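To keep things clear, I will list the structure first and then write my remarks on it.
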Amino acid sequence: MATKTLTPAQKTAYKNLNIDPKNRIIVSLDGGGIRGILTLQLLKKIEEIAGIPLNQFCDLFAGTSTGGIIAGLLASGHTAVEIEKLYIQLVSKVFLKRGFLGNRFLNPPAYDKKNYREALKLVLGDDTLKDVCIKNDVDVFITSKDLTDNEETYFTCFNTTEVKGTYQDALLRTVLEATMSAPTYFSPLERFVDGGTTTYNNPSLAAIMEAVNYDGTGKYSLPNITMFSLGTGKLVKSVQPQQAAHPDGPDVYFWLNYVMDESSQDASTMQVDLFRAGIIKLDYRRFQISFDTAAIQKLPNLDISALHFTNADSLHSLTDDDLNVQMDDVSKFDLMKAIGEAMTEYIMDDCKFQRDLNKTPSLRDELVTAFNSVGTIKANVTNAGWIDGQPSS
């Protein structure tokens with residue numbers, strides 16, 4: 001593995017974050033629409049602890065959808081504070097209704113990307129992935145889905161002994177539009193749609209594979225990798241048994257939303273479990289929260305009386321309905337920011353980003369609520385009368 005020579009400022013950053021000086025650092029950012037503002041609160045604090053911007057001591061920025069946008073902006077030389085300001089502007093512009101009749105289900109897509117495309121051009125110009133990699137001495141990995149070739153697409157650029165990456169000459173702003181073109185929300189970018197439609201809404205496993213086995217070979221080597229894997233919050237969709245066959249509202253609407261959300265969340269959970277099981281050995285640090293009252297009760301009880309969409313005056317007064325935050329729900333943007341700030345306080349009290357946030361008996365996320373229904377399930381599935389009495393249609 002190519003040795004990384006640390007500057008004095010980088011040595012301080014590594015020390016403050018308890019990172020082995022021999023390690024390369026990967027920052028992996030999940031998709032999640034407007035919930036990316038939560039991620040930015042964590043990134044701001046990591047930069048504050050380190051004492052220098054992420055792009056001055058981290059090696060690879062990986063992202064999907066909103067995480068891909070943030071990853072691309074980090075790689076292009078922006079600090080987390082600067083990106084937060086840009087992000088607030090982007091969110092106010094990107095969810096531009098596509099006329100009166102635009103609707104996700106009846107007349108998709110719901111939104112027009114015109115403002116988003118113009119904003120990215122203003123910020124990034126026509127810089128390519130290669131331009132960014134060379135100028136800032138970083139590597140980039142951003143996901144999308146190619147509908148025509150029916151495969152996941154990884155827009156990558158690795159600055160090793162030579163610059164590598166099939167799409168290294170792609171415009172960064174093109175890549176950042178491809179990764180966020182979520183079906184029904186936005187039109188495809190020709191053949192490309194949102195990377196979150198793949199199994200890599202959490203891009204961490206794909207980023208590791210690319211870094212260790214493909215374009216990053218020789219620069220990245222296990223176990224000498226520290227990965228910061230940041231979620232955007234996990235929606236909890238608990239469907240009671242009596243409701244499974246007859247969900248609230250139109251069945252197609254319910255199951256489309258359910259499958260889109262749960263398939264990517266399940267894929268993410270599998271990746272996280274794989275890392276935590278030690279099958280892939282590295283310094284893995286995952287930071288995620290579920291949007292339910294049980295998880296929120298673990299956070300500092302911040303004042304949110306200035307928020308207008310809810311009657312809650314503090315985080316602990318929020319209801320599960322308040323916490324049902326869809327990726328385009330701009331009315332809850334400030335709530336996501338507040339939860340991100342509270343989550344940051346929790347992490348600082350807990351581990352200061354110096355380890356994985358999984359100090360639980362099952363070694364799973366501290367801030368993701370688990371349902372313990374195993375006893376009931378075992379009793380049902382071992383009972384012949386139970387299955388014989390279930391509806392068959």
Side-chain angles (χ1 to χ4, degrees), residues 1-7 10 13-14 19-31 43 53-65 67-78 124 126-146 151-176 178-179 192 195 198-200 202-230 271 275 280-284:
M1 182 185 74
T3 303
K4 180 177 179 179
T5 303
L6 301 180
T7 66
Q10 289 172 334
Y14 271 58
I19 298 171
D20 189 320
K22 298 189 296 294
N23 284 11
R24 296 276 181 181
I25 303 173
I26 298 176
V27 177
S28 175
L29 307 176
D30 292 12
L43 292 171
L54 285 155
N55 49 56
Q56 291 183 18
F57 71 97
C58 296
D59 299 279
L60 169 59
F61 294 100
T64 294
S65 194
I69 297 169
I70 296 171
L73 291 171
L74 285 168
S76 68
H78 293 85
L124 299 172
D126 288 335
D127 280 355
T128 65
L129 293 181
K130 183 177 180 179
D131 293 333
V132 166
C133 284
I134 292 175
K135 181 168 62 176
N136 298 308
D137 192 23
V138 295
D139 303 323
V140 183
F141 177 97
I142 295 174
T143 71
S144 185
K145 173 72 174 183
D146 183 337
E151 63 183 12
E152 293 144 344
T153 296
Y154 304 142
F155 291 103
T156 65
C157 185
F158 281 79
N159 190 9
T160 57
T161 53
E162 59 180 317
V163 178
K164 297 180 181 178
T166 302
Y167 299 111
Q168 61 181 272
D169 293 319
L171 301 185
L172 179 56
R173 63 187 177 94
T174 298
V175 174
L176 299 194
T179 194
F192 296 114
T198 73
T199 53
Y200 294 114
N202 172 351
S204 54
L205 181 59
I208 284 288
M209 289 191 295
E210 191 71 28
V212 174
N213 295 324
Y214 296 101
D215 285 345
T217 301
K219 183 175 182 177
Y220 297 86
S221 178
L222 297 171
N224 297 121
I225 292 174
T226 294
M227 172 176 279
F228 291 96
S229 175
L230 276 57
Q271 292 181 57
F275 285 120
I280 300 174
K281 297 189 182 301
L282 75 162
D283 174 17
Y284 179 72

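Only a predicted model underlies this, so the values are computations on that prediction, with no experimental measurement involved.
Residue pairs that meet the salt bridge (Lys or Arg N to Asp or Glu O under 4.0 Å) test with at least one member in residues 54-65, sequence neighbours left out, are Lys4-Asp59, Arg24-Asp59.
Residues forming a side chain to side chain contact (heavy atoms under 4.5 Å, CB included) with Thr7 (at least two apart in sequence, or on another chain): Ala9, Gln10. Applying the salt bridge (Lys or Arg N to Asp or Glu O under 4.0 Å) criterion to Asp146, with sequence neighbours excluded, gives Arg191. Residues meeting the ring pair (Phe, Tyr, Trp, His ring centres under 6.0 Å) test with Phe61, sequence neighbours left out: none. With sequence neighbours excluded, no residue forms a side-chain hydrogen bond (donor to acceptor under 3.5 Å, both in side chains) with Thr174. Listed by chain and number, the residues in a side-chain hydrogen bond (donor to acceptor under 3.5 Å, both in side chains) with Asp283 are Thr226, Arg285 (sequence neighbours excluded). Every residue two or more places apart in sequence or in another chain that forms a side chain to side chain contact (heavy atoms under 4.5 Å, CB included) with Asp169 is listed here: Lys130. Evaluation of the side-chain hydrogen bond (donor to acceptor under 3.5 Å, both in side chains) rule for Ser144 yields no partner, not counting sequence neighbours. Partners of Thr179 by side-chain hydrogen bond (donor to acceptor under 3.5 Å, both in side chains), not counting sequence neighbours: none found. By the ring pair (Phe, Tyr, Trp, His ring centres under 6.0 Å) test, Phe192 pairs with Phe155, sequence neighbours left out.
Lys164 NZ to Thr217 OG1: the interatomic distance, rounded to the nearest 0.5 Å, is 6.0 Å. Distance check, rounded to the nearest 0.5 Å: CZ of Arg173 to CG of Asp126 gives 4.5 Å. Rounding to the nearest 0.5 Å gives a distance of 8.5 Å between CD1 of Ile225 and CG of Leu60. Summarising the geometry, atom CD1 belonging to Ile280 is positioned 7.0 Å from atom CG belonging to Leu222; distances are rounded to the nearest 0.5 Å. Rounded to the nearest 0.5 angstrom, Ser28 OG and Tyr200 OH are separated by 11.5 Å. Between the CG atom of Asp30 and the OG atom of Ser65 there is a distance of 10.5 Å, given to the nearest 0.5 Å.
Closest non-hydrogen pair, Tyr14 versus Pro21, comes out as CD2-CA, 3.7 Å. In terms of heavy atoms, Gly72 sits closest to Leu176 at CA-CD2, 4.2 Å. Gly216 approaches Thr160 most closely through the heavy-atom pair CA-CG2, 4.3 Å.
The main-chain N or O of Leu129 is never found under 3.5 Å from a side-chain atom of Tyr167 such that the two would form a donor-acceptor pair.
Side-chain contact between Leu6 and Phe57 is absent, with no heavy atoms from C-beta onward closer than 4.5 Å. Contact check for Thr64 versus Thr198: no side-chain heavy atoms found under the 4.5 Å cut-off. Counting only heavy atoms from C-beta outward, the side chains of Val27 and Leu230 never approach each other to under 4.5 Å. Side-chain contact check for Leu74 versus Leu43: some heavy-atom pair is nearer than 4.5 Å.
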Would you list the atom pairs, donor with acceptor, under 3.5 Å between side chains in residues 202-215 and any protein atom, with sequence neighbours excluded?
| unit_1 | atom_1 | unit_2 | atom_2 | d |
| --- | --- | --- | --- | --- |
| Asn202 | OD1 | Ser204 | N | 3.1 |
| Asn202 | OD1 | Ser204 | OG | 2.8 |
| Asn202 | ND2 | Ser268 | OG | 3.1 |
| Ser204 | OG | Gln271 | OE1 | 3.3 |
| Asp215 | OD2 | Thr156 | OG1 | 3.4 |

Name every donor-acceptor pair, under 3.5 Å, that has one atom in a side chain of residues 131-142 and the other anywhere in the protein, sequence neighbours excluded.
| unit_1 | atom_1 | unit_2 | atom_2 | d |
| --- | --- | --- | --- | --- |
| Asp131 | OD1 | Thr128 | OG1 | 3.4 |
| Asp131 | OD2 | Thr128 | N | 2.9 |
| Asp131 | OD2 | Thr128 | OG1 | 3.1 |
| Asn136 | ND2 | Ala75 | O | 2.8 |
| Asn136 | ND2 | Ser76 | O | 3.4 |
| Asp139 | OD1 | Asn159 | N | 2.7 |
| Asp139 | OD1 | Lys219 | NZ | 3.4 |
| Asp139 | OD2 | Lys219 | NZ | 2.9 |
| Asp139 | OD2 | Tyr220 | OH | 2.5 |

